[in-house]
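Before any comments, here is the structure.
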Amino acid sequence: VSDPASAGTAYQYGWFTSQPVLGGYGYAYYVMIRNNEVPSMAGAILNITLPRGILSSIDNSTTVSVNPSTILPAQEIQRLAAQPSELYQLIAALAQQPAAVNPVATPGDVLAYTVKLNVLVSEPGVYYANATLDFVDHWGSRYAVNFTIPITVYGNAPVLRIEYSDTVV
């Protein structure tokens, strides 16, 4: 690996299905990381330190370590890039599956991670998680690549109160 900092790129991230409400529990968030240049990226674990007010749904902690749900081959990513709705459906389906066992990513492949979060922030905004991708390359050397992952919380939908009056104006 010539430059560990360029080994991977946070390719895409976001909420599944819907935006979380403030004070909500168990919302699924996905992070996709592209292997830019490592001939063989094995044991790729994503360690995430969550921002204040956002916690892991598993144990209410501020740190999460996850294995990839799957690795999407580079050819599949190129095909799906033209059809974002298919990519989203694929990611949603993968979130329901157990994590892959000992997956290996080659250059251009995308590692897809999912994590369930409790959103206990009091205000809408963009919150930032610090993440580290730990992996072993084809020579057996260990690497750690740091990322900053934005987590956008739009807040609750407004509640409208509609009153009916039978008076015609």
Side-chain angles (χ1 to χ4, degrees), residues 5 7-36 41 43-74 76-101 103 105 108-135 144-163:
T9 303
Y11 172 71
Q12 193 172 14
Y13 36 81
W15 299 104
F16 285 117
T17 63
S18 65
Q19 290 289 323
V21 297
L22 299 176
Y25 294 86
Y27 289 96
Y29 195 81
Y30 70 92
V31 177
M32 297 177 74
I33 296 176
R34 182 191 329 254
N35 174 0
N36 291 332
M41 184 182 282
I45 296 174
L46 187 63
N47 300 296
I48 305 170
T49 302
L50 298 165
R52 178 182 222 122
I54 299 179
L55 304 172
S56 165
S57 292
I58 295 172
D59 59 3
N60 279 325
S61 70
T62 58
T63 58
V64 182
S65 294
V66 289
N67 291 319
S69 302
T70 192
I71 294 177
L72 301 169
E76 185 75 3
I77 291 297
Q78 290 172 355
R79 184 185 72 78
L80 291 172
Q83 301 169 346
S85 62
E86 278 190 43
L87 179 59
Y88 179 78
Q89 290 171 352
L90 177 62
I91 295 167
L94 294 172
Q96 304 304 319
Q97 298 178 2
V101 178
D109 291 351
V110 171
L111 298 98
Y113 296 88
T114 58
V115 61
K116 296 265 182 147
L117 301 175
N118 297 335
V119 181
L120 305 178
V121 295
S122 59
E123 295 181 11
V126 180
Y127 298 85
Y128 295 93
N130 294 315
T132 302
L133 179 66
D134 292 318
F135 65 91
V145 180
N146 296 318
F147 299 96
T148 299
I149 300 170
I151 301 174
T152 302
V153 179
Y154 290 110
N156 300 341
V159 177
L160 302 176
R161 182 174 176 178
I162 300 174
E163 294 184 17

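As the structure is a prediction and not an experimental result, all values here were calculated from the model.
Residue S69 comes nearest to T114 through the heavy atom pair OG-OG1, 3.2 Å, listed as atom of the first residue, atom of the second, then distance. Closest of all the heavy-atom pairs between Q19 and Y27 is O-CE2, 4.2 Å. Here the closest non-hydrogen pair linking F147 and A10 is CE2-N, 3.5 Å. Taking both residues in full, the closest heavy atoms of A7 and M41 are given as O-CE, 4.1 Å, listed atom of the first, atom of the second, then distance. The nearest pair of heavy atoms linking G26 to K116 is O-CD, 3.5 Å. Here the closest heavy-atom approach between residue L111 and residue P68 is recorded as CD2-CG, 4.1 Å.
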Checklist entry - side chain to side chain contact (heavy atoms under 4.5 Å, CB included) between I33 and T9: does it pass, once the steps are laid out? => result CA-CA 5 Å; I33 296 176; T9 303; 5.9 Å; no

Item to check | Criterion side chain to side chain contact (heavy atoms under 4.5 Å, CB included) on Y11 and V31, from CA distance to verdict | outcome: CA-CA 8 Å; Y11 172 71; V31 177; over 6 Å; no

Next on the checklist: Run V121 and V119 through side chain to side chain contact (heavy atoms under 4.5 Å, CB included) and show every step you take.
Outcome noted: CA-CA 6 Å; V121 295; V119 181; 3.8 Å; yes

Next on the checklist: Is there a side chain to side chain contact (heavy atoms under 4.5 Å, CB included) between D109 and L72? Walk through the geometry before answering.
Outcome noted: CA-CA 6 Å; D109 291 351; L72 301 169; over 6 Å; no

Name the atoms and distances for all side-chain donor-acceptor pairs under 3.5 Å in residues 122-129, with sequence neighbours left out.
from: Y127; atom 1: OH; to: E123; atom 2: O; distance (Å): 2.5

Side chains of residues 46-53: which donor-acceptor pairs under 3.5 Å do they make with residues two or more places apart or in other chains?
from: N47; atom 1: OD1; to: S65; atom 2: OG; distance (Å): 2.5
from: N47; atom 1: ND2; to: D134; atom 2: OD2; distance (Å): 2.5

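For T62, the side-chain hydrogen bond (donor to acceptor under 3.5 Å, both in side chains) criterion is met by no residue, not counting sequence neighbours. Legend: residues meeting ring-ring contact (aromatic ring centres under 6.0 Å, His included) with Y113, ordered by chain and number and at least two apart, are absent. Residues passing the side-chain hydrogen bond (donor to acceptor under 3.5 Å, both in side chains) test with T152: none are found, sequence neighbours excluded. Residues passing the side-chain hydrogen bond (donor to acceptor under 3.5 Å, both in side chains) test with N118, sequence neighbours excluded: S57, N60. The side-chain contact (heavy atoms from CB on, under 4.5 Å) test applied to I58 returns S56, not counting sequence neighbours.
For the pair N146/N130, no side-chain contact is recorded, criterion being any heavy-atom separation below 4.5 Å from C-beta on. Contact of the I54 side chain with the I151 side chain is registered, since non-hydrogen atoms from C-beta on lie closer than 4.5 Å.
F16 and Y30 have tilted rings, their planes meeting at an angle from 30° to 60° on a 0 to 90° scale.
To the nearest 0.5 angstrom, L117 atom CG is 8.5 Å from L55 atom CG.
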